[in-house]
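Down below is the structure, laid out as structure tokens.
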Amino acid sequence: MSEIIENAREIITGYKGRKLRIMEVCGTHTHEIFRLGIRGLLPEDVDLISGPGCPVCVTPVGFIDEAIFLALEKKCTICTFGDLIKVPGTTMNMAGVRAEGADIRPVYSPDDAVELAKDNPDMEVVFLAVGFETTTPSACLAVKKAKRLGLKNFSILTANKTMPNAYAKLKNSADAFLYPGHVNAITGTEICEKLKDEGVSGVVAGFTANELMTALAVTIDNLSKGEPFFENCYPRVVRPEGNPAAKKLMDEVMELCDTEWRGLGIIEMSGQKLKSEYADFDARIKHDIPDITGKPNPACRCGEVLQGKCKPSDCPMFGKACTPLHAVGACMVSDEGACAAYYTYGASIGLQ
């Protein structure tokens with residue numbers, strides 16, 4: 001490993017061989033690899049493709065429609081992270097709903113929503129819980145706090161997702177994964193080891209220039225050998241056991257369920273929902289939300305981008321009808337989205 005670290009740049013730029021497809025599962029990796037100029041070092045035979053690593057991007061249209069239903073029909077106050085406000089639903093986004101008078105409030109954490117409910121007992125507050133294993137524990141803490149305080153006017157609408165079955169769904173989409181360091185800091189490396197035994201290769205990557213270069217060099221070097229592999233290139237943060245306290249918290253409050261991913265459809269046992277002991281805080285149950293099937297814009301290719309089937313620049317709307325100021329798709333809205341990364345940085349290396 002030390003030799004690879006010392007010669008990472010040479011390994012990457014000097015690669016000549018079969019075409020390699022490496023999938024960045026983490027949206028932050030996508031942006032950092034662009035921002036740090038690493039994409040410009042890649043040879044023609046190494047292709048970096050984006051995957052479903054942006055939590056806002058993989059949130060389906062139907063979830064946005066559910067939030068709009070709560071805001072308009074149930075007159076709930078919707079608390080959400082800011083970038084979700086501009087994600088398109090079937091007919092509008094939450095920014096449009098807010099312009100019509102709905103109470104949509106950006107917050108920094110789920111706890112902000114709990115405090116709002118505590119201070120306003122006549123206000124029905126719903127927090128939009130979106131994210132992977134990295135952010136799910138904070139939603140669990142918020143629910144436990146609301147229960148401890150005896151709040152009757154707080155609930156969460158869940159779109160929490162877990163990565164293992166998404167990897168399985170995408171295992172033929174790339175030669176190797178760049179696993180998300182933030183997620184693995186919670187889950188540990190057991191899942192990645194099991195995937196290696198199933199023939200799925202990957203490397204856990206950090207976020208600095210040295211860490212990303214090392215991860216790419218390790219990936220390229222191992223792929224050239226032709227055997228399935230797994231390497232943890234983020235050992236200063238990621239431990240094999242992960243974060244036991246966070247995992248215990250999620251197991252206490254949440255349970256796995258089937259859930260929809262934008263572009264990937266329904267993936268079995270890849271979502272998280274509240275356990276029955278916390279059903280009073282489940283917005284779908286509490287507010288009797290009907291089955292809502294969202295309809296994405298047929299011209300938007302975000303679903304294909306999230307599967308690695310196309311690059312953002314392949315979409316005919318990219319940079320024209322769809323820009324960060326007037327986003328048509330979720331991948332252009334989020335700061336972690338692949339389309340936003342290509343729009344911001346891609347022109348410098350000819351990807352627009």
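Because the structure is a prediction, the values reported are computed rather than measured.
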Which distance, rounded to the nearest 0.5 Å, do you find between the [atom1] of [X] and the [atom2] of [Y]?
X      : Y      : atom1 : atom2 : value
Leu170 : Lys309 : CG    : NZ    : 9.5 Å
Cys140 : Lys248 : SG    : NZ    : 13.5 Å
Lys161 : Thr135 : NZ    : OG1   : 11.0 Å

Closest approach of [X] to [Y] (non-hydrogen atoms, all atoms of both residues):
X      : Y      : answer
Gly53  : Glu336 : O-OE1, 3.9 Å
Leu157 : Ala67  : CD2-N, 3.9 Å
Gly206 : His29  : O-NE2, 3.0 Å
Cys322 : Gly329 : SG-N, 3.8 Å
Val238 : Gly181 : CG2-O, 3.6 Å
Ile68  : Met92  : CD1-O, 3.5 Å

I'd like to check [X] versus [Y] (side-chain heavy atoms, cut-off strictly below 4.5 Å). Are they in contact?
X      : Y      : value
Pro316 : Arg301 : yes
Pro312 : Met317 : no
Thr323 : Phe318 : no
Asn93  : Ile85  : no
Leu128 : Thr158 : no
Met163 : Ile191 : no
Pro228 : Val200 : no
Val58  : Leu306 : yes

Taking atom [atom1] of [X] as the centre, report whether more than 12 heavy atoms of other residues, nucleotides or ligands fall under 6.0 Å from it.
X      : atom1 : result
Lys171 : NZ    : no
Lys275 : NZ    : yes
Lys273 : NZ    : no
Asp258 : CG    : yes
Glu241 : CD    : yes
Asp119 : CG    : yes

* Which residue pairs pass the ring pair (Phe, Tyr, Trp, His ring centres under 6.0 Å) test when at least one of the two sits in residues 68-108, sequence neighbours left out? -> Phe81-Phe127

* To do: Would you list the pairs meeting ring pair (Phe, Tyr, Trp, His ring centres under 6.0 Å) in which at least one residue belongs to residues 179-200, sequence neighbours left out?
  => Tyr167-Tyr179, Phe177-Tyr179, His182-Phe207

Please confirm whether the backbone N or O of [Y] pairs with a side-chain atom of [X], one donor and one acceptor, at under 3.5 Å?
X      : Y      : value
His31  : Asp335 : yes
Gln307 : Gly303 : yes
Ser334 : Cys331 : no
Thr187 : Val183 : yes
Asn120 : Ala117 : no
Thr90  : Gly294 : no
Asn153 : Met123 : yes
Lys286 : Lys152 : yes
Arg21  : Gly308 : yes
Asn184 : Gly188 : yes

Same hydrophobic cluster for [X] and [Y], using side-chain heavy-atom links shorter than 4.5 Å among ILVMFWY?
X      : Y      : value
Val218 : Tyr234 : no
Met213 : Leu36  : yes
Met250 : Phe132 : no
Ile104 : Ile292 : yes
Leu249 : Leu256 : no

* Is the charged tip of Lys147 near the ring of Tyr278: under 6.0 Å from the six-membered ring centre and within 45° of its axis? -> yes

With the threshold set at 4.0 Å, does a side-chain nitrogen-carboxylate oxygen contact exist between [X] and [Y]?
X      : Y      : result
Glu252 : Lys144 : yes
Lys311 : Asp47  : yes
Asp175 : Lys19  : no
Lys225 : Asp221 : yes
Arg39  : Glu24  : yes

* **Sequence neighbours excluded - salt bridge (charged side-chain N to carboxylate O under 4.0 Å, His left out) pairs with any residue from residues 75-101** => none

Side-chain donor-acceptor pair present, [X], [Y], cut-off under 3.5 Å:
X      : Y      : value
Ser270 : Asn165 : no
Glu211 : Thr214 : no
Thr189 : Asn232 : no

Contacts of type side-chain contact (heavy atoms from CB on, under 4.5 Å), residue [X], not counting sequence neighbours:
X      : result
Glu44  : none
Glu115 : Asp111, Lys118, Lys145
Glu190 : Lys194

* To do: Determine, stepwise, if the pair Glu124 / Lys74 fulfils salt bridge (charged side-chain N to carboxylate O under 4.0 Å, His left out).
  => CA-CA 9 Å; Glu124 195 63 51; Lys74 298 296 184 176; over 6 Å; no

* To do: Give me the one residue out of Ile38, Thr30, Leu20, Ile22 that meets side-chain contact (heavy atoms from CB on, under 4.5 Å) with Leu48.
  => Ile22

* Taking it one step at a time, do Val204 and Cys233 satisfy side chain to side chain contact (heavy atoms under 4.5 Å, CB included)? -> CA-CA 5 Å; Val204 177; Cys233 292; 5.9 Å; no

* To do: List the steps and the verdict of side chain to side chain contact (heavy atoms under 4.5 Å, CB included) for Leu72 and Val97.
  => CA-CA 8 Å; Leu72 293 180; Val97 173; 3.7 Å; yes

